[in-house]
Amino acid sequence: MNWQAKSLPHTEQPMKLSYYPGCSLHGTAIEFDVSTREVCKHLGVELVELDDWNCCGATAAHSLNRDLAAAASARNLAIASRRGMPLAVPCAACYHALKKTDYEMRHDADLADRIRTEFGIDYPGGVDVRHIMHVFADDEMLAAIRQKVTRPLEGLKFGCYYGCLIVRPPEAMGNIDDPENPQKMETILNACGAETVDWSYKTDCCGGAFALGRPATAMKLIAKIFDNAIKSGIEAIAVACPLCHANLDGRQPEASEILGREVNMPIFYFTELMGVAMGLAPVKKILGKHLTSVQPALEKLS
Amino acid sequence: MAFIDEIESINSELVAKCFQCQRCSCGCPIVDEMDYAPHQIMRMILLDQRDKVLDSNTIWLCVSCETCSTRCPNDIDIAGVMDACRQIAIEEGRKPAEERIYKFYNTFLKRVEAGGRINEPMLVAMFKLATKDFFSDMRLGMKMGLKGKLKLLSPKVKDRAAIKRMFAQTLHKK
């Protein structure tokens with residue numbers, strides 16, 4: 001199978017995209033928001049935040065009511081559809097909800113009909129929903145990124161961690177990347193001069209949905225991810241999801257206890273690493289917000 | 001109505017295609033904590049073992065990673081079937097086998113209903129009230145506070161009527 005992101009039209013200068021930050025990027029994942037906006041600005045991509053967007057419902061909505069989940073995402077998609085631009089989403093959970101709902105609205109006529117008649121949301125499907133990673137991972141963008149790199153990310157071995165929601169299920173997610181061994185994040189970090197390592201746990205679940213509901217289970221999953229990362233020689237992990245980041249960045253004391261060895265792994269949003277490679281000051285400024293210090297890693301990079 | 005038809009009326013997937021290859025259970029990250037493995041749940045649905053499925057902890061321990069749905073050779077959306085089971089269990093007022101997980105989802109959705117968006121510190125506070133578990137993760141919370149990650153106020157959705165309607169037509173529908 002040829003996993004390929006459809007290229008965005010590069011005719012408009014600057015490229016303009018609708019932007020759905022989601023609740024986390026306005027809160028605990030502020031670093032993801034700032035780094036995404038800064039990197040886009042630097043690459044000439046204009047992000048226009050969606051008007052009056054609502055929460056995508058995340059795992060909670062589809063766990064308790066299918067129509068509620070579809071309606072919550074469909075409302076956002078209908079707003080994006082009126083804008084007529086592709087919709088860029090950094091949060092993996094929001095991306096998954098929006099992309100999956102768009103797929104369902106195109107493939108399940110009964111659902112689309114219920115959403116229109118019972119919720120007053122007329123959305124037949126069709127918005128081009130993009131994870132922000134897939135905006136950067138096309139050939140033209142990668143060439144632009146290479147040109148903007150002033151400080152190649154040399155000196156550390158990076159592991160790209162995708163988690164669940166960007167790659168699964170592949171059909172609803174547009175068959176953009178291999179669900180068992182995705183590569184898009186690697187191509188972006190490689191363009192920034194980074195060395196990336198192959199490892200087995202890049203799409204294993206971190207238990208994000210259980211971070212509060214069943215933390216002991218989440219910590220077991222987190223520990224397994226760290227165990228494999230360390231055994232693979234990974235020195236820093238790049239993520240593309242606020243829940244993965246919160247879990248991997250914040251639960252290292254517990255993972256250390258489970259593994260019986262100290263885990264001290266810097267966890268970056270991949271957009272932060274792009275910002276560092278491009279020498280963007282506002283991105284460097286927010287790196288201090290991480291719970292596990294990334295300072296030693298940054299020193300190795302310079 | 002047979003149990004399988006109930007499930008398929010919510011999630012139009014074809015449980016009947018399951019030939020018990022067990023790929024779903026082999027890839028499930030939580031399977032060792034479940035009463036029944038995912039492939040067993042598929043079989044139990046076909047055998048109309050409604051109560052056993054709806055009262056099992058399996059349907060609540062599914063973390064929605066969708067590894068099973070991705071790997072199923074018959075394209076059964078197993079994670080979607082688990083969603084449908086949870087929905088049926090809640091609609092008929094069953095006590096969830098994993099109450100804390102249910103309470104988290106429920107608290108999350110109440111916060112969405114209240115403002116259209118999630119404010120994370122408020123979500124955690126309300127979840128602590130719902131579970132009466134006030135002292136877990138204090139250290140993590142303090143660290144996040146000191147790093148300036150906890151924003152106490154966040155904007156709400158202006159079109160409140162649209163949000164209200166979503167809940168009136170689903171969770172609050174009589």
Side-chain angles (χ1 to χ4, degrees), chain A residues 22-24 26-30 52-55 57-69 71-72 75 96 108 110-111 114 118-121 163-165 167-171 179-180 203-205 207-210 212-215 217-218 220-221 224 250-251 253 288-291, chain B residues 10-12 29-30 33 61 63-67 69-70 75 77 79-80 82-84 86-87 90 98 100-109 111-112 116-121 123-124 127 136-137 139-140 143-144 147-151 154-155 157-159 162-163 165-167 169-171:
Chain A
C23 307
S24 284
H26 276 197
T28 52
I30 184 80
D52 205 34
W53 55 267
N54 59 269
C55 170
T59 311
H62 72 71
S63 286
L64 299 190
N65 193 289
R66 186 182 187 221
D67 285 4
L68 176 60
R75 179 176 175 271
H96 181 270
D108 186 339
D110 288 346
L111 179 70
R114 280 204 304 279
E118 290 178 23
F119 301 86
I121 300 166
C164 311
L165 298 165
V167 291
R168 285 193 293 264
E171 200 186 332
E180 301 288 353
T203 59
D204 274 59
C205 180
F210 287 174
L212 292 172
R214 197 178 168 89
T217 300
K220 255 169 54 184
L221 303 184
K224 282 186 191 173
R251 295 297 190 184
K289 281 191 178 285
H290 294 201
L291 300 184
Chain B
I10 296 171
N11 184 307
S12 50
I30 324 267
E33 296 183 31
L61 287 182
V63 67
S64 304
C65 75
E66 304 197 39
T67 306
S69 304
T70 299
D75 295 327
D77 180 8
M82 299 294 177
D83 279 342
R86 287 188 281 249
Q87 180 168 336
I90 289 308
E98 293 291 336
R100 196 181 154 96
I101 293 172
Y102 165 68
K103 277 184 178 162
F104 176 71
Y105 296 153
N106 193 42
T107 308
F108 187 101
L109 294 176
R111 297 321 303 158
V112 177
R117 293 183 193 173
I118 290 290
N119 172 276
E120 291 154 321
L123 169 63
V124 172
F127 180 63
S136 63
D137 288 332
R139 202 173 50 167
L140 185 65
K143 272 201 264 180
M144 292 180 94
K147 293 280 185 184
K149 280 195 163 229
L150 304 181
K151 210 165 128 189
S154 39
V157 170
K158 286 182 226 116
D159 186 0
I163 305 297
R165 189 166 174 185
M166 282 175 202
F167 284 86
Q169 292 288 4
T170 54
L171 295 181

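Lettering follows sequence order; numbering is per chain, from 1.
At a 4.5 Å heavy-atom cutoff, A:A218 makes no contact with chain B through either its backbone or its side chain. Of the atoms belonging to A:H290, it is backbone heavy atoms, and not side-chain ones, that fall under 4.5 Å from chain B. Both the backbone and the side chain of B:V63 come within contact range of chain A, judged by heavy atoms closer than 4.5 Å. Both the backbone and the side chain of A:S24 come within contact range of chain B, with heavy atoms under 4.5 Å apart. With a 4.5 Å cut-off on non-hydrogen atoms, A:R114 does not touch chain B at all. Looking at A:D204, neither its backbone nor its side chain comes within 4.5 Å of chain B, counting heavy atoms on both sides. Contact annotation for A:I30: neither backbone nor side-chain heavy atoms come within less than 4.5 Å of a heavy atom of chain B. Proximity to chain A involves both the backbone and the side chain of B:Y105, based on heavy atoms less than 4.5 angstrom apart. Only the side chain of A:R75 comes within contact range of chain B, with heavy atoms under 4.5 Å apart. In this structure, chain A has a heavy atom under 4.5 Å from the side chain of B:I30, while its backbone stays farther away. A:E171 does not touch chain B: none of its heavy atoms, backbone or side chain, sits under 4.5 Å away.
For the atom pair A:T28 OG1 and A:K289 NZ, the distance stands at 10.5 Å (nearest 0.5 Å). Atoms CG and CZ, from B:L140 and A:R251 in turn, are 5.0 Å apart once rounded to the nearest 0.5 Å. The CG atom of B:L61 sits 5.5 Å away from atom CZ of A:F210, with the distance rounded to the nearest 0.5 Å. Distance check, rounded to the nearest 0.5 Å: CG of A:L212 to CD1 of B:I101 gives 11.5 Å. Rounded to the nearest 0.5 angstrom, B:D159 CG and A:W53 CH2 are separated by 14.5 Å.
Among the candidates B:Q169, B:R117, B:R86, B:K143, the residue making the largest number of heavy-atom pairs closer than 4.5 Å to chain A is B:R117. Ranked by non-hydrogen atom pairs under 4.5 Å with chain A, the options B:R111, B:K149, B:K158 are led by B:K149. If you tally non-hydrogen atom pairs under 4.5 Å between each of A:G288, A:G120, A:A60, A:G57 and chain B, the highest count goes to A:A60. Between chain A and the residues B:E98, B:E66, B:R139, B:K151, the largest count of heavy-atom pairs under 4.5 Å involves B:E66. With chain A as the partner, the residue from B:I163, B:D77, B:I90, B:D137 showing the most heavy-atom pairs under 4.5 Å is B:D137.
Between A:P215 and B:S136, every side-chain heavy-atom pair lies at or beyond the 4.5 Å cut-off. Side-chain contact check for A:C164 versus B:T67: every heavy-atom pair is 4.5 Å or farther apart.
Listed by chain and number, the residues in a side chain to side chain donor-acceptor pair (under 3.5 Å) with B:N106 amount to none (sequence neighbours excluded).
A:C55 and B:F108 make their closest contact through SG-CE2, 3.9 Å (heavy atoms, listed as atom of the first residue, atom of the second, distance). Closest approach of A:L111 to A:R66, counting heavy atoms only: CD2-NH2, 3.9 Å.
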